[in-house]
> 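Structure provided below as structure tokens; questions to follow.
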Amino acid sequence: MSGQTVRRAGIRQVAAAAGVSMSTVSNVLNNPQVVADSTRLRVEAAMDRVGYVRNGAARQLRGAPSAVVGCVLLDTANAYYSAVARGVEDRLAEADCVLVQCSTDVQPEREERFLRLLEEQSVRGILVTPIGSHLDRLTRLHARGTPVVLLDHPRDGTGLCAATVDNVAGGELAAAHLLELGHRRIAFVRSETAVRTISDRTRGIRRALRKAGLDPVRSLAEIRVGQGPIETVATQAAGSLLALAPRPTGVICFNDATALAMLRGLRLRGVRVPDELSVVGYDDVAFAAELSPGLTTVRQPTYHVGYAAAELLLGETEPGHRHQEVLFHPRLVVRDSTAAPHPG
């Protein structure tokens, strides 16, 4: 009848349909290795007939961990985070867990709200790329019983697990490549937010300049872009770059999406890449090799970072778990968007 609530079948109905005890049904659900195969198959067939669905909330009340894991990222629409999330999801699927993704859009209030909502839902744990450098909120969350693993952020002396990439080394790789080609004035197009990955890459770029005997104050121009459609902000950045005097001969973009928009902005202004300006991206997402020219970029093992972070989170409920940081190393991929600076 319309409006009538249909009650879920319980293990009592399954036991009756299979002709076994309720304890046998419980063992099939929780300890299938102790049940004979023939009995297990009969019980599973009965579950299908009566429409039995396991009650996750009831399992948690009995002390079983939740099958739901939260993942709080800066921007799930970004190709980098999509690849990271796929690694997370694949590892969780192996453990019969489901992933809930949230985008903070680099807004602290959204981060705070998502963390609170996930904690209220008693999720198994939370993977998070924090916006700022202060991790007290996350350590308190962990201490209250919701495991937290830092994703794309170092441990920084906390008692949390972390899976991240050496972004200082990545920034150094990008700058060292341009320096080896002969560039002596470089621009870095970066976001204006205080995200740790960006500040670390900046450190790496400056370190490469100092190693080359150059003063970062004179040799590096930082162009900060705000929030908004990447095509708009990167096109504006292209205009700012070309207005600099003296004009840099090489530019490093904080991700490949920005580099793509930068290439478009330069093309609209009649600037040839790499003849007049070399462009380096960061991440090596799928489209980087398909651009014209192909994008020189810093490759991150995105999928593996996500997979490792999920592995760390699942380990939080295991006896003897030790907090650790899994550090991955980036790699420079040279394509056609970089060359020696044009004479004169």
Side-chain angles (χ1 to χ4, degrees), residues 7-11 14 25-26 28-32 44 47 51-78 81-105 107-131 135 137-153 158-164 302-319 321 323-324 326:
R7 296 188 62 183
R8 281 185 174 184
I11 63 171
V14 175
V25 176
S26 179
V28 169
L29 291 169
N30 301 301
N31 300 291
E44 289 174 349
M47 289 178 182
Y52 174 80
V53 178
R54 176 177 288 205
N55 189 323
R59 290 185 70 243
Q60 286 183 253
L61 288 174
R62 295 194 296 270
S66 170
V68 179
V69 172
C71 189
V72 181
L73 301 171
L74 300 182
D75 181 7
T76 56
N78 183 296
Y81 287 113
S82 295
V84 169
R86 185 52 191 261
V88 171
E89 189 172 38
D90 283 356
R91 179 62 188 95
L92 293 180
E94 294 170 3
D96 288 331
C97 290
V98 65
L99 178 66
V100 175
Q101 293 184 54
C102 309
S103 285
T104 64
D105 294 337
Q107 297 177 25
E109 64 277 7
R110 281 175 65 93
E111 178 184 87
E112 178 70 23
R113 183 165 71 253
F114 287 136
L115 291 173
R116 174 177 55 79
L117 289 171
L118 290 170
E119 183 180 21
E120 289 175 355
Q121 294 302 311
S122 300
V123 295
R124 183 169 186 147
I126 301 174
L127 302 162
V128 57
T129 303
I131 295 172
L135 305 178
R137 168 75 174 86
L138 298 176
T139 56
R140 290 196 300 271
L141 177 60
H142 187 90
R144 287 198 298 269
T146 301
V148 173
V149 171
L150 301 174
L151 181 57
D152 208 22
H153 194 290
T158 66
L160 303 175
C161 282
T164 188
T302 48
Y303 179 90
H304 300 289
V305 173
Y307 194 97
E311 182 77 33
L312 291 171
L313 184 64
L314 293 171
E316 290 280 351
T317 57
E318 296 177 0
H321 173 73
H323 296 301
Q324 59 180 302
V326 179

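The first residue of the sequence shown is numbered 1, and numbering continues consecutively from there. Nothing here was measured: the structure is a model prediction, and the numbers come from that model.
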> What residues, two or more places apart in sequence or in another chain, satisfy side chain to side chain contact (heavy atoms under 4.5 Å, CB included) together with Ala308?
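Ala308 satisfies side chain to side chain contact (heavy atoms under 4.5 Å, CB included) with Ala163, Val326, Phe328 only.
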> Give the minimum heavy-atom separation between Leu314 and Ala95, together with the two atoms involved.
CD1-CB, 3.8 Å
> OG1/Thr317 to CZ/Arg124 distance, rounded to the nearest 0.5 angstrom?
4.5 Å
> Which residues pass the ring pair (Phe, Tyr, Trp, His ring centres under 6.0 Å) test with His321, not counting sequence neighbours?
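Scan of His321 (ring pair (Phe, Tyr, Trp, His ring centres under 6.0 Å), adjacent residues dropped) gives His323.
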> Can you list the residues that meet the side chain to side chain donor-acceptor pair (under 3.5 Å) rule with Gln107, with sequence neighbours excluded?
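Testing Gln107 for side chain to side chain donor-acceptor pair (under 3.5 Å), a comparison that skips the adjacent residues, returns none.
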> Among residues two or more places apart or on two chains, list those pairs meeting salt bridge (charged side-chain N to carboxylate O under 4.0 Å, His left out) that have a residue in residues 304-313.
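Found Arg91-Glu311.
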> With a 4.5 Å cut-off on side-chain heavy atoms, are Leu151 and Val84 touching?
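Heavy-atom side-chain distance check passes, below 4.5 Å.
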> Not counting sequence neighbours, list each pair that qualifies as a salt bridge (charged side-chain N to carboxylate O under 4.0 Å, His left out) and has a residue in residues 138-149.
Glu119-Arg144
> Test of understanding: with side chain to side chain donor-acceptor pair (under 3.5 Å), list the residues that count as partners of Thr76, not counting sequence neighbours.
Ser103
> Applying the side chain to side chain contact (heavy atoms under 4.5 Å, CB included) test to Leu141, which of Val128, Leu118, Leu135, Ile126 qualifies?
Ile126
> Taking the side chain as C-beta and beyond, is there a heavy-atom pair between Glu316 and His142 under 4.5 Å?
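Yes - at least one pair of side-chain heavy atoms lies under 4.5 Å apart.
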> Are the side chains of Leu73 and Gln101 in touch, meaning some heavy atoms are under 4.5 Å apart?
yes
> Is any side-chain heavy atom of Leu150 less than 4.5 Å from a side-chain heavy atom of Pro130?
yes
> Work out which heavy atom in Glu44 is nearest to a heavy atom in Val28; give both atom names and the distance.
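It is CG-CG1, 4.3 Å.
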> What pair of heavy atoms forms the shortest contact from Val148 to Leu160, and how long is it?
O-CD2, 3.9 Å
> Measure the CD-CZ distance between Glu109 and Phe114 for me, rounded to the nearest 0.5 Å.
10.5 Å
> Would you please name every residue forming a side chain to side chain donor-acceptor pair (under 3.5 Å) with Thr104, sequence neighbours left out?
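With neighbours one apart ignored, the set is empty.
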> Among residues at least two apart in sequence or on other chains, which ones pass side chain to side chain contact (heavy atoms under 4.5 Å, CB included) with Ala83?
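Per chain and number, Ala83 pairs via side chain to side chain contact (heavy atoms under 4.5 Å, CB included) with Thr302.
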> Hey, does Gln121 have a side-chain heavy atom less than 4.5 Å from the side chain of Val68?
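Heavy-atom side-chain distance check fails, nothing below 4.5 Å.
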> Partners of Asp90 by side chain to side chain contact (heavy atoms under 4.5 Å, CB included), sequence neighbours excluded?
Arg86, Tyr303
> Could you tell me which residues satisfy side chain to side chain contact (heavy atoms under 4.5 Å, CB included) with Glu120, sequence neighbours excluded, listed by chain and number?
Arg116, Leu117
> Closest heavy-atom contact between Leu74 and Thr129?
CD2-O, 3.6 Å
